[in-house]
Structure formats: C-alpha cells, structure tokens
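Heads up: the structure comes next, in structure tokens.
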Amino acid sequence: YDLGYRVWARIGRAVGSGREWPALSASQQEEMDGAIVMFQEAMDQGHILAARSIGDIYSWGKGVAKDYERAMAAYKVAAEAGDAFSQYQVGMMYCKGLGVAVDYQQARAWLEKAAAQDFPDAVRELGVMYFEGWGVTPSWRRARELYKRAIELGCSDVVEAMQILTQNIQNTFIDQRVEVHGTSRTDINGKCG
C-alpha cells in the first residue's frame with residue numbers, strides 16, 4: 001500500500017492534486033497503473049485505506065476513466081470494515097445513483113453508520129435527507145438537530161442550509177398565524193407599513 005500511495009501522491013502533486021486529474025503522460029500513466037495494482041493487492045489482503053484509495057481513483061477519475069461501479073465496490077470493502085469516509089461515500093453514491101440505483105434507505109443506513117463515528121459530512125447529509133424528505137418522513141426538527149450537530153463537528157458549509165431551514169420555519173409559522181387570525185399576508189404587510 002505505502003509504495004502505491006507514494007506513487008499516487010507524487011503523480012497527484014505533478015498534475016495538481018484536485019479531485020479530477022487531466023490526462024497523464026505515458027510515463028505517469030504507467031506509474032499510475034502500477035499504483036492501482038499495488039492498491040488492489042493491498043485491498044485483497046484487507047487494507048482499508050487501499051480500498052478507499054481505489055474508490056477515490058475510480059470515483060474522481062484520477063488517472064483512469066471514472067467508473068462508479070468499481071468505485072462503489074472498493075468503497076464498500078472499506079465501509080464494511082468500518083471506515084467512516086467510505087461509509088459516507090457509499091451513502092452518497094446510493095443517494096445520487098452513482099454506480100447503483102438511487103436507494104434512499106441504503107443511503108440513510110450508510111450515512112448513519114458514518115454519522116455514528118462523528119463524520120461531519122454524513123451528519124450534514126442526513127440533515128438534508130430529513131429536510132428534503134428523501135426516503136424519510138420530512139422533519140425540519142430532525143434536520144435542524146442534525147445541522148446543528150454537523151456545525152458542532154466543524155462542518156461550516158452547513159451554515160447556509162441551517163439559514164434556509166430557519167427561514168422556512170419562520171415563513172411557515174407566519175403563514176399559520178395569518179391563517180388562524182383570518183388575516184391575509186397582504187393585510188399584515190399593509191398594517192406593518
């Protein structure tokens with residue numbers, strides 16, 4: 001695994017280690033193919049990080065064509081061994097239908113496993129599922145709890161989702177209050193100024 005990782009990291013630095021890589025030179029491609037073989041051998045021997053690395057390579061197209069089915073198979077090996085990042089990736093692939101059919105029940109199950117290990121992105125995505133009602137009964141209360149937990153775990157990109165949720169809750173309460181008192185929204189806006 002270690003040698004394969006060093007080769008992969010070196011190539012990543014050479015091409016700009018973003019998620020998607022440009023086409024590799026012939027020598028880089030040859031090295032990358034060798035790294036994949038090393039990762040595969042390590043994964044076959046139970047190395048969790050090798051499985052995760054293969055998942056990343058095929059999910060993002062790092063030196064290979066994107067292949068979500070192969071990515072899912074590799075991520076599942078690591079996820080079943082308890083790797084929180086891979087559990088999150090498997091959950092998201094089920095949620096988005098990448099390499100598998102969309103299955104919100106499977107997505108939720110894998111995201112819950114990662115969230116139980118305090119993986120912030122998994123907690124955030126569970127919040128999204130409850131906010132949107134994907135495979136669950138919509139619950140703004142549960143979404144808010146999950147967003148709050150994700151923020152506490154350091155997931156700063158959930159702040160905007162929390163603001164949208166809070167605005168939706170406020171708008172709903174205003175609409176309910178208007179309906180109870182028999183006053184239209186236009187009447188309230190006119191009375192307020």
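Side-chain atoms are counted along with the backbone in the values below, which use heavy atoms only and exclude waters and symmetry mates.
In terms of heavy-atom proximity, Arg124 sits nearest to Cys155 at NH1-SG, 3.6 Å. Contact between Met93 and Ala71 at its shortest, heavy atoms only, is CE-CB, 4.1 Å. The two residues Ala114 and Ala122 make their nearest non-hydrogen contact at CB-CB, 3.5 Å. For Gly127 against Ala143, the heavy-atom pair with the smallest separation is O-CB, 3.4 Å. Of all the heavy atoms in Gly91 and Leu111, the pair that sits closest is CA-CG, 4.1 Å. Across all their heavy atoms, Ala78 and Ser86 have their closest contact at CB-OG, 3.2 Å.
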For this session: Give the intermediate values and the outcome of side-chain contact (heavy atoms from CB on, under 4.5 Å) for residues Met38 and Tyr1.
Result: CA-CA 6 Å; Met38 288 183 249; Tyr1 167 80; over 6 Å; no
Exercise. Can you list the steps and then say if Asp56 with Lys62 is a salt bridge (charged side-chain N to carboxylate O under 4.0 Å, His left out)?
Worked result: CA-CA 8 Å; Asp56 285 346; Lys62 294 183 174 189; 5.7 Å; no
For this session: Show the numbers, then the answer: is there a side-chain contact (heavy atoms from CB on, under 4.5 Å) between Met32 and Ile57?
Result: CA-CA 10 Å; Met32 187 65 200; Ile57 288 167; 3.5 Å; yes
Problem set entry | Steps toward side-chain contact (heavy atoms from CB on, under 4.5 Å) verdict (Trp21, Ile11) | CA-CA 10 Å; Trp21 288 3; Ile11 294 170; 3.6 Å; yes
For this session: Test side-chain contact (heavy atoms from CB on, under 4.5 Å) on Val136 and Tyr104 and set out the steps.
Result: CA-CA 8 Å; Val136 296; Tyr104 292 124; over 6 Å; no
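Once rounded to the nearest 0.5 Å, the distance linking CE of Met162 with NZ of Lys148 reads 7.5 Å. With values rounded to the nearest 0.5 angstrom, His47 atom NE2 is found 8.5 Å from Ser53 atom OG. Atom CG of residue Leu98 and atom CG of residue Asp67 lie 11.5 Å apart, to the nearest 0.5 angstrom.
Connection of Ile48 to Phe119 is not established within any shared hydrophobic cluster, with ILVMFWY side chains joined at heavy-atom distances below 4.5 Å, either directly or through further cluster members. Cluster membership check: Trp140 shares its hydrophobic cluster with Ile164, using side-chain heavy-atom separations under 4.5 Å among Ile, Leu, Val, Met, Phe, Trp and Tyr.
Ring planes of Trp8 and Tyr5: perpendicular class, angle over 60° (limits at 30 and 60°).
Judged by distance alone, with hydrogens and angles left aside, the side-chain atoms of Gln29 form a donor-acceptor pair with the main-chain N or O of Gly63 at under 3.5 Å. In this structure a side-chain-to-backbone donor-acceptor pair under 3.5 Å is missing from Gln89 to Gly55. Remark: side-chain polar atoms of Gln87 are not paired, donor with acceptor, to backbone N or O of Trp110 under 3.5 angstrom. Gln28 places a side-chain N or O within donor-acceptor distance of the main-chain N or O of Ser25, the cut-off being under 3.5 Å.
Looking only at side-chain heavy atoms (C-beta outward), Arg6 and Asp2 come within less than 4.5 Å of each other. Using a 4.5 Å cut-off on side-chain heavy atoms (C-beta onward), Glu125 and Leu146 make no contact. At least one side-chain heavy atom of Tyr68 sits less than 4.5 Å from a side-chain heavy atom of Ser59. Within the 4.5 Å cutoff, no side-chain heavy atoms of Trp134 are placed close to those of Val102.
Counting non-hydrogen atoms of other residues, nucleotides and ligands closer than 6.0 Å to CZ of Arg149 gives a total above 12. Within a 6.0 Å radius of CD in Glu69, no more than 12 heavy atoms belonging to other residues, nucleotides or ligands are found.
The one candidate from Val7, Leu3, Ile54 that meets the side-chain contact (heavy atoms from CB on, under 4.5 Å) condition with Phe39 is Ile54. Among the candidates Arg52, Lys113, Lys76, the single residue satisfying the salt bridge (charged side-chain N to carboxylate O under 4.0 Å, His left out) test with Asp83 is Arg52.
Here Glu112 pairs with Arg108 in a salt bridge; the nearest charged N to carboxylate O distance falls below 4.0 Å.
With 3.5 Å as the limit, one finds no donor-acceptor pair spanning the side chains of Arg142 and Tyr130.
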